[in-house]
A.B. asks: 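Pasting a structure below so you can have a look.
All values derive from a computational prediction rather than experimental measurement.
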Amino acid sequence: MERLFTVGHFDADAFFASVEQALNPALRGKTIAVGGTTRGIISSASYEARAKGVRTPMPTSQALRVCPGLILIKGSYGEYARFSDAIFRFANDITPYVEQTSVDEGYLDLTPCRGDPVELMRGFAARVERELGVTVSVGVASNKLVAAVASKWKKPNGFTVVERGKEAAFLADMAVSVLPFVGPKTEKSLQAEGFFYVRDIQRAAWEDFEKRFGSGARELYDAAMGIDERTVKTEHEAAKSVSEQTTFARDTADFDFVQDTLKRMLDRLLTQLRQAGQRARTVTIRLRYPDWENRTFARSLPEASDLESDFYPVVAPLLREGWKRRSPVRLVGIKLSNFSSGVVQADLFGQANERRRALARASDALNERSPDDAPLLTRASHLGIPSSRERPRF
């Protein structure tokens with residue numbers, strides 16, 4: 001008997017905010033948002049906050065205006081990663097064919113599973129809510145496109161099944177913006193030609209639609225018909241970069257403070273590289289000024305590295321480049337890229353570098369066991385590089 005449903009898609013509901021409510025039940029039912037507590041943007045808002053007009057990525061200042069009683073939370077990103085790992089572990093208990101598309105969203109290929117795919121996804125959603133205290137919305141359909149649209153159709157805590165052969169009918173009355181590949185510009189182009197709903201595309205003659213939209217017409221037309229031949233991919237291209245940024249509570253012209261902030265972020269990024277067995281060659285810093293102008297400054301090392309002793313000396317010269325242009329700054333970020341594997345040819349300095357690397361790994365382990373607000377020094381102090389001051393707290 002032919003399976004009617006082969007692909008499941010799940011999308012956690014207001015994930016960051018929901019995790020905060022699961023960690024602190026006193027927050028349930030309240031207008032909360034995760035993001036910059038005084039500056040920056042909202043990265044997640046509870047549905048209660050959304051009902052008051054709070055959206056992502058709305059500036060925090062605007063969110064406080066539309067919802068004066070909004071409870072702002074800086075964010076527990078380690079907890080979000082832990083919850084995410086658990087959700088995807090539950091998914092892998094159902095099928096080995098799981099494609100993670102974000103921290104809280106993914107596809108499951110249900111074709112090889114024993115049992116009814118719909119009931120398997122119901123069980124998955126129930127387990128997430130029972131064991132984690134957060135909810136996911138689920139779509140089950142014959143392909144990835146329709147399953148993803150279905151999962152977002154009745155949020156929060158929605159569960160939508162689209163039977164094979166009814167994909168086009170399911171999409172017909174939706175705005176064209178639900179289709180993949182349709183961003184704001186494409187949506188305006190479609191609307192300018194009279195295509196406001198998916199049914200408008202479905203009713204168009206293919207030859208006429210192709211003349212209007214050229215090379216991208218086939219993809220759009222098939223999507224409107226609910227046709228999608230993409231498979232669930234379980235192998236992902238390795239990350240090409242790692243990055244981190246922070247928005248300051250107040251604009252700052254304190255060079256040493258900004259430098260130490262960048263070094264602290266660099267500490268965390270290099271820990272990620274060592275854990276992944278990778279090294280990076282290029283470091284880029286990003287500065288945002290009070291008028292929201294952004295500037296980036298980059299430099300590459302002679303050889304890829306995962307050691308603070310190689311990257312720390314680069315931070316100050318890059319920061320000075322930005323400082324010469326103007327100060328104060330509103331936001332800083334740092335990115336490592338141009339990766340290579342952790343295996344390098346031995347040289348005269350190899351033994352010393354391995355000692356530094358062993359010391360860095362020991363530091364990684366200590367920091368993992370330390371509370372986030374522990375007054376630790378930047379790693380410069382134990383790698384033989386002067387540090388201007390104690391690690392700043394955010």
A.B. asks: Report the C-alpha distance between Glu321 and Arg299 in whole Å, list the side-chain angles of each, state the deciding distance to 0.1 Å, and finish with yes or no for salt bridge (Lys or Arg N to Asp or Glu O under 4.0 Å).
C.D. replies: CA-CA 11 Å; Glu321 288 186 42; Arg299 186 167 299 179; 3.4 Å; yes

A.B. asks: Between Val136 and Ala12, which heavy-atom pair has the shortest distance, and what is it?
C.D. replies: CG1-CA, 3.8 Å

A.B. asks: Begin with the C-alpha distance, continue with both residues' side-chain angles, and end with the deciding distance and a verdict on salt bridge (Lys or Arg N to Asp or Glu O under 4.0 Å) for Asp222 and Arg218.
C.D. replies: CA-CA 6 Å; Asp222 284 350; Arg218 183 80 266 172; 3.0 Å; yes

A.B. asks: Rounded to the nearest 0.5 Å, what separates atom CZ in Arg330 from atom CG in Leu287?
C.D. replies: 13.5 Å

A.B. asks: Hey, is Glu308 close enough to Arg274 for a salt bridge, meaning N to O under 4.0 Å?
C.D. replies: yes

A.B. asks: Please test Arg212 against Asp208 for salt bridge (Lys or Arg N to Asp or Glu O under 4.0 Å), starting from the C-alpha separation and ending with a verdict.
C.D. replies: CA-CA 6 Å; Arg212 296 193 194 191; Asp208 179 56; 3.2 Å; yes

A.B. asks: Are Ile227 and Tyr197 in one and the same hydrophobic cluster, where Ile, Leu, Val, Met, Phe, Trp and Tyr link if side-chain heavy atoms are under 4.5 Å apart?
C.D. replies: no

A.B. asks: Begin with the C-alpha distance, continue with both residues' side-chain angles, and end with the deciding distance and a verdict on side-chain hydrogen bond (donor to acceptor under 3.5 Å, both in side chains) for Asp254 and Thr252.
C.D. replies: CA-CA 6 Å; Asp254 186 335; Thr252 179; 5.2 Å; no

A.B. asks: Mind listing the closest non-hydrogen atom pair of Ala22 and Gly133 along with its distance?
C.D. replies: CB-O, 3.9 Å

A.B. asks: Run the numbers on Leu319 and Ile285 for side chain to side chain contact (heavy atoms under 4.5 Å, CB included), then give the verdict.
C.D. replies: CA-CA 7 Å; Leu319 184 57; Ile285 69 165; 4.1 Å; yes

A.B. asks: Could you give me the CA-CA distance, side-chain angles and deciding distance for Ile94 and Leu110, then say whether side chain to side chain contact (heavy atoms under 4.5 Å, CB included) is met?
C.D. replies: CA-CA 8 Å; Ile94 296 173; Leu110 303 167; 4.1 Å; yes

A.B. asks: Identify the two heavy atoms, one from Val7 and one from Tyr107, that lie closest to each other, and give their separation to 0.1 Å.
C.D. replies: CG1-CD2, 4.0 Å

A.B. asks: With rounding to the nearest 0.5 Å, note down the distance linking CD1 in Ile87 to CZ in Arg82.
C.D. replies: 11.0 Å

A.B. asks: Can you measure from CG (Leu266) to CZ (Arg268) and round to the nearest 0.5 angstrom?
C.D. replies: 10.0 Å

A.B. asks: Is there a donor-acceptor pair under 3.5 Å between the side chain of Asp200 and the backbone N or O of Phe196?
C.D. replies: yes

A.B. asks: Please confirm whether Arg50 makes a cation-pi placement over Tyr47, using NZ or CZ under 6.0 Å from the six-membered ring centre and within 45° of the ring normal.
C.D. replies: yes

A.B. asks: To check you understand the geometry: which heavy-atom pair defines the closest contact between Thr31 and Gly69, and what is its length?
C.D. replies: OG1-O, 3.5 Å

A.B. asks: Got a sec: does the CZ of Phe88 have more than 12 other heavy atoms crowding it under 6.0 Å?
C.D. replies: yes

A.B. asks: Are a donor atom and an acceptor atom from the side chains of Asn157 and Thr135 found within less than 3.5 Å of each other?
C.D. replies: no

A.B. asks: Do Glu48 and Lys30 pass the salt bridge (Lys or Arg N to Asp or Glu O under 4.0 Å) test, and can you show the C-alpha distance, the side-chain angles, and the key distance before you say yes or no?
C.D. replies: CA-CA 6 Å; Glu48 295 83 3; Lys30 296 184 178 180; over 6 Å; no

A.B. asks: Please check if the number of heavy atoms outside Lys52 that lie under 6.0 Å from its NZ is greater than 12.
C.D. replies: no

A.B. asks: Look at the side-chain heavy atoms of Ile, Leu, Val, Met, Phe, Trp and Tyr, link any pair under 4.5 Å apart, and say whether Ile41 and Leu64 land in one connected group.
C.D. replies: no

A.B. asks: Same hydrophobic cluster for Phe213 and Val198, using side-chain heavy-atom links shorter than 4.5 Å among ILVMFWY?
C.D. replies: yes

A.B. asks: Working to the nearest 0.5 Å, report the span between CD of Gln278 and CG of Leu270.
C.D. replies: 12.0 Å

A.B. asks: Between Val140 and Val162, is there a side-chain heavy-atom distance shorter than 4.5 Å?
C.D. replies: no

A.B. asks: Find out whether the Lys NZ or Arg CZ of Lys263 is both under 6.0 angstrom from the six-membered ring centre of Tyr312 and within 45° of the ring's axis.
C.D. replies: yes

A.B. asks: Look at the side chain of Ser76 and the backbone N and O of Glu79, then say whether any donor-acceptor pair between them is shorter than 3.5 Å.
C.D. replies: no

A.B. asks: Within the 3.5 Å criterion, strictly below it, is a donor on Ser18 or Asp13 matched to an acceptor on the partner's side chain?
C.D. replies: no

A.B. asks: Does Phe90 CZ have over 12 foreign heavy atoms under 6.0 Å away?
C.D. replies: yes

A.B. asks: Dump the intermediate steps for side chain to side chain contact (heavy atoms under 4.5 Å, CB included) on Arg320 and Phe255, then the final yes or no.
C.D. replies: CA-CA 8 Å; Arg320 286 194 190 97; Phe255 183 93; 3.6 Å; yes

A.B. asks: Answer yes or no: is there a donor N or O on one side and an acceptor on the other, between the side chain of Ser43 and the main chain of Val34, under 3.5 Å?
C.D. replies: yes

A.B. asks: Do Arg127's NZ or CZ and the ring of Phe124 fall within the cation-pi criteria of under 6.0 Å and 45°?
C.D. replies: no

A.B. asks: Could I get the full list of side chain to side chain contact (heavy atoms under 4.5 Å, CB included) partners for Ala51, not counting sequence neighbours?
C.D. replies: none

A.B. asks: According to a 4.5 Å side-chain heavy-atom criterion applied to Ile, Leu, Val, Met, Phe, Trp and Tyr, with indirect links allowed, do Tyr97 and Leu120 form part of one hydrophobic cluster?
C.D. replies: no

A.B. asks: Could you tell me which non-hydrogen atom of Leu220 sits nearest to which non-hydrogen atom of Leu179, and how far apart they are?
C.D. replies: O-CD1, 4.4 Å

A.B. asks: Is it the case that Arg295 places NZ or CZ above or below the six-membered ring of Tyr289, under 6.0 angstrom from the centre and within 45 degrees of the axis?
C.D. replies: no

A.B. asks: Taking the six-membered ring for Trp, are Phe248 and Phe257 ring centroids under 6.0 Å apart?
C.D. replies: yes

A.B. asks: List the atom of Ala150, the atom of Gly139, and the distance in Å for their closest heavy-atom pair.
C.D. replies: CB-CA, 3.8 Å

A.B. asks: Under a 3.5 Å distance rule, please check whether Glu303 uses its side chain to pair with a backbone N or O of Arg281 as donor and acceptor.
C.D. replies: no

A.B. asks: Quick one: does Ser189's side chain have a donor or acceptor within less than 3.5 Å of a partner on Lys185's backbone?
C.D. replies: yes

A.B. asks: Going by atom types alone, do Asp109 and Thr111 pair a side-chain donor with an acceptor below 3.5 Å?
C.D. replies: yes

A.B. asks: Atom NZ of residue position Lys166 - does it have more than 12 heavy atoms of other residues, nucleotides or ligands inside 6.0 Å?
C.D. replies: no

A.B. asks: Kindly say whether Leu27 contributes a backbone atom to a donor-acceptor pair with the side chain of Gln21 at under 3.5 angstrom?
C.D. replies: yes

A.B. asks: When you check the side-chain N and O atoms of Thr282 and Ser300, is any donor under 3.5 Å from an acceptor?
C.D. replies: yes

A.B. asks: Please check: side-chain N/O of Ser137 versus main-chain N/O of Pro156, any donor-acceptor pairing under 3.5 Å?
C.D. replies: no

A.B. asks: Do any N or O atoms from the side chain of Ser84 and from the backbone of Val103 form a donor-acceptor pair under 3.5 angstrom?
C.D. replies: yes

A.B. asks: Nearest 0.5 Å please: distance from the CG atom of Asp306 over to the CG atom of Leu273.
C.D. replies: 7.0 Å

A.B. asks: Check the pair Arg286, Asn294 against side chain to side chain contact (heavy atoms under 4.5 Å, CB included), reporting the backbone distance first and the verdict last.
C.D. replies: CA-CA 7 Å; Arg286 175 188 179 202; Asn294 292 283; 3.2 Å; yes

A.B. asks: Is the gap between the ring centers of Phe195 and Phe209 under 6.0 Å?
C.D. replies: yes

A.B. asks: Could you name each residue pair satisfying ring-ring contact (aromatic ring centres under 6.0 Å, His included) that touches residues 57-81, not counting sequence neighbours?
C.D. replies: Phe16-Tyr77, Phe16-Tyr80, Tyr77-Tyr80

A.B. asks: Would Leu331 end up clustered with Leu262 when hydrophobic side chains under 4.5 Å apart are linked, directly or stepwise?
C.D. replies: no

A.B. asks: Looking only at the side chains, is there a donor atom on one of Glu99 and Thr234 sitting less than 3.5 Å from an acceptor on the other?
C.D. replies: no

A.B. asks: Rounded to the nearest 0.5 Å, what separation is found between the CH2 atom of Trp206 and the NZ atom of Lys211?
C.D. replies: 12.0 Å

